[in-house]
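Note sheet for the following structure.
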2 protein chains.
Amino acid sequence: MTVAPRADAERNRELLLGAARAAFAEHGTDASLRDVARRAGVGIGTLYRHFPTREALVEALLDCNFDDLRDRAERLLTSPAPHEALLTWLAELAAEARTYQGLPQSILAALDDEQSELHVSCAAMRAAGARLLRRAQDAGRVRADLSVYEVISLALGLAWAAQQPGGSSDLMGRLLSTAMYGLTVPERSVSAGS
Amino acid sequence: MTVAPRADAERNRELLLGAARAAFAEHGTDASLRDVARRAGVGIGTLYRHFPTREALVEALLDCNFDDLRDRAERLLTSPAPHEALLTWLAELAAEARTYQGLPQSILAALDDEQSELHVSCAAMRAAGARLLRRAQDAGRVRADLSVYEVISLALGLAWAAQQPGGSSDLMGRLLSTAMYGLTVPERSVSAGS
DNA sequence: ACCTGAACACCGTTCAAGT
DNA sequence: ACCTGAACACCGTTCAAGT
């Protein structure tokens with residue numbers, strides 16, 4: 001059985017999470033950990049005791065959000081439109097990844113590295129996304145040769161681009177819909193001029 | 001009139017460029033500048049004298065390559081297939097951006113920041129790409145509402161994704177062609193089952 | 001059990017001193 | 001004109017000393 005943590009430890013943990021949220025919002029996932037400890041009013045050693053790696057901190061901040069995305073994928077599985085369900089989910093994934101600068105990178109790294117502290121929640125999310133993709137493919141509305149990995153990379157790549165200076169959430173939406181339906185105009189539309 | 005630089009200065013410049021090429025290849029655009037100076041066998045002050053900012057160093061390494069991309073776009077303007085010409089060029093842009101980790105980011109930042117040392121060459125490249133895009137749009141084979149900025153962001157976002165752990169140049173090609181023709185299967189194909 | 005901060009090995013950047 | 005490296009202010013990470 002696990003013992004309840006000491007009250008001061010519990011409090012420091014919350015202070016650190018709050019400080020990290022603020023620092024990451026300002027400077028992205030690569031924000032200074034020393035600065036996080038400073039903002040929390042806590043020694044740098046205390047930060048490392050609670051979160052041994054930067055990833056552990058990111059994980060603590062985002063865990064629920066990844067779980068939400070997995071839940072969301074599972075609920076979308078029962079929607080009547082397999083195709084739209086996938087597109088909706090990819091847009092939500094991209095929106096989530098846009099929360100912090102550097103987050104798209106963390107997610108791809110976590111999927112690739114089984115040792116990563118983010119791996120479990122990310123992989124669960126990917127598995128749920130895979131079922132959503134498969135269903136859309138079985139319905140014949142999504143290219144059959146695409147893998148979950150490719151589809152996720154695509155969404156995160158566009159989320160990344162929309163995070164860069166000059167980008168916006170508006171840009172992300174436009175890039176996503178472009179990729180979904182193609183940059184190219186189907187040939188039949190060409191001959192269908194007024 | 002400009003005077004010829006001292007022979008030792010010229011030599012140090014070349015040593016620094018070679019060292020930077022190697023360091024960037026290993027650790028990306030964010031490689032340690034101190035390490036670059038060390039590899040070049042030169043004092044850190046000498047690096048700063050030749051390249052006052054990290055961007056100046058990147059610019060010196062990539063200048064010709066961006067010019068090449070601009071030339072390439074201009075030559076593609078005379079090709080008989082406006083649509084394929086654009087897709088070819090975007091693939092070449094993405095391949096170039098994949099040279100170093102961090103390069104897609106540098107390019108987008110340079111396009112946004114007129115003060116950037118990379119701005120001039122990047123903006124010239126963008127202008128050439130814009131003409132290529134316009135021609136494909138006029139031919140009716142590319143969505144008319146897309147801007148050069150969006151099309152470049154898309155290509156660089158996918159180049160970025162393919163650079164992440166687990167990625168590959170193969171992935172980049174697949175992501176690009178997916179975005180070009182769409183993740184979605186056109187509806188007519190659905191009813192055209194055997 | 002937990003907190004703290006000094007210590008170590010790095011980094012980017014500047015600038016006085018040298019040739 | 002150019003090179004050098006010490007100096008400054010940072011950083012990530014560890015660990016002995018404290019309560």
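Just the heavy atoms: all of them, side chains too, but no hydrogens, waters or symmetry mates, feed the values below. First the proteins, then the strands, lettered A, B, ... as listed; each starts at 1.
- The nearest whole Å value for the distance from the CZ atom in B:Arg38 to the P atom in D:dT4 is 14 Å.
- Nucleic acid contact for B:Thr46: base, since at least one base atom lies under 4.0 Å from a heavy atom of the residue.
- Within the 4.0 Å cut-off from OP1 or OP2 of C:dC2, not a single side-chain nitrogen or oxygen of A:His50 is found.
- A donor-acceptor pair under 3.5 Å is absent between the side-chain atoms of B:Ser79 and the main chain of B:Arg75, judged by distance alone.
- As a whole-Å value, the separation of A:Leu57 CG from D:dT13 P is 11 Å.
- Among the atoms of the strands shown, none is found under 4.0 Å from any heavy atom of B:Ala37.
- When the side-chain nitrogen and oxygen atoms of A:Ser32 are compared with OP1 and OP2 of D:dC10, none of them lie within a distance under 4.0 Å.
- A salt bridge between B:Arg54 and B:Glu59 is absent, with no side-chain N of the basic residue lying under 4.0 Å from a carboxylate O of the acidic one.
- Residue B:Tyr48 contributes atom OH, which lies 18 Å from atom P of D:dA7 at whole-angstrom precision.
- Mapping A:Asp35 and A:Pro52 onto DNA chain D by nearest heavy atom places A:Asp35 closer to the 5' end of the strand.
- Dashed line: the shortest gap from a side-chain N or O of B:Asn12 to OP1 or OP2 of D:dC3 is under 4.0 Å.
- If you measure from atom CZ of A:Phe51 to atom P of C:dC3, you get 11 Å, rounded to the nearest angstrom.
- When each of B:Arg72, B:Arg98, B:Arg70 is tested with B:Glu92 by the rule salt bridge (charged side-chain N to carboxylate O under 4.0 Å, His left out), just one qualifies, namely B:Arg72.
- One atom, CZ of B:Arg6, and another, P of D:dA1, lie 9 Å apart when rounded to the nearest Å.
- Contact annotation for A:Asp8: backbone-only contact, meaning every heavy-atom pair under 4.0 Å involves sugar-phosphate atoms and none involves a base.
- One interatomic measurement links the two molecules: NE2 of A:His27 to C1' of D:dC11, which rounds to 14 Å at whole-angstrom precision.
- Heavy atoms of other residues, nucleotides or ligands lying less than 6.0 angstrom from CD of B:Glu14 number more than 12.
- Stem regions annotated for DNA chain C: C:4-8 with D:12-16, C:12-16 with D:4-8, counting only runs of 3 or more consecutive pairs of Watson-Crick or G-U type with both contacts under 3.5 Å.
- Ion pairing between a basic and an acidic side chain is recognised when a charged N comes within 4.0 Å of a carboxylate O; B:Arg39 and B:Asp35 show such pairing.
- Rounding to whole angstrom units, CG of residue B:Leu16 and C1' of D:dT4 are separated by 13 Å.
- Contact annotation: A:Arg13 side-chain N/O to C:dC3 OP1/OP2 distance is not under 4.0 Å.
- With A:Gln101 contributing its side chain and A:Thr29 its backbone, the two residues share no donor-acceptor pair below 3.5 Å.
- Of the residues near DNA chain C, A:Leu47 and A:Arg34, the one whose nearest nucleotide (by heavy atom distance) lies more toward the 5' end is A:Leu47.
- Side-chain N/O atoms of B:Thr53 and B:Glu117 include a donor and acceptor closer than 3.5 Å.
- B:Arg49 has a side-chain polar atom (N or O) that falls below the 4.0 Å cut-off from OP1 or OP2 of D:dC2.
- The base of C:dT13 lies outside donor-acceptor range of the side chain of B:Arg54, with no N or O pair under 3.5 Å.
- In the set D:dA6, C:dC11, D:dT13, D:dA6 carries the atom at the smallest distance from any side-chain atom of B:Ile44.
- Atom CD of A:Glu14 is separated from atom C1' of C:dC2 by 16 Å (rounded to the nearest Å).
- Distance check: A:Ser106 OG to B:Gln164 CD gives 9.5 Å after rounding to the nearest 0.5 Å.
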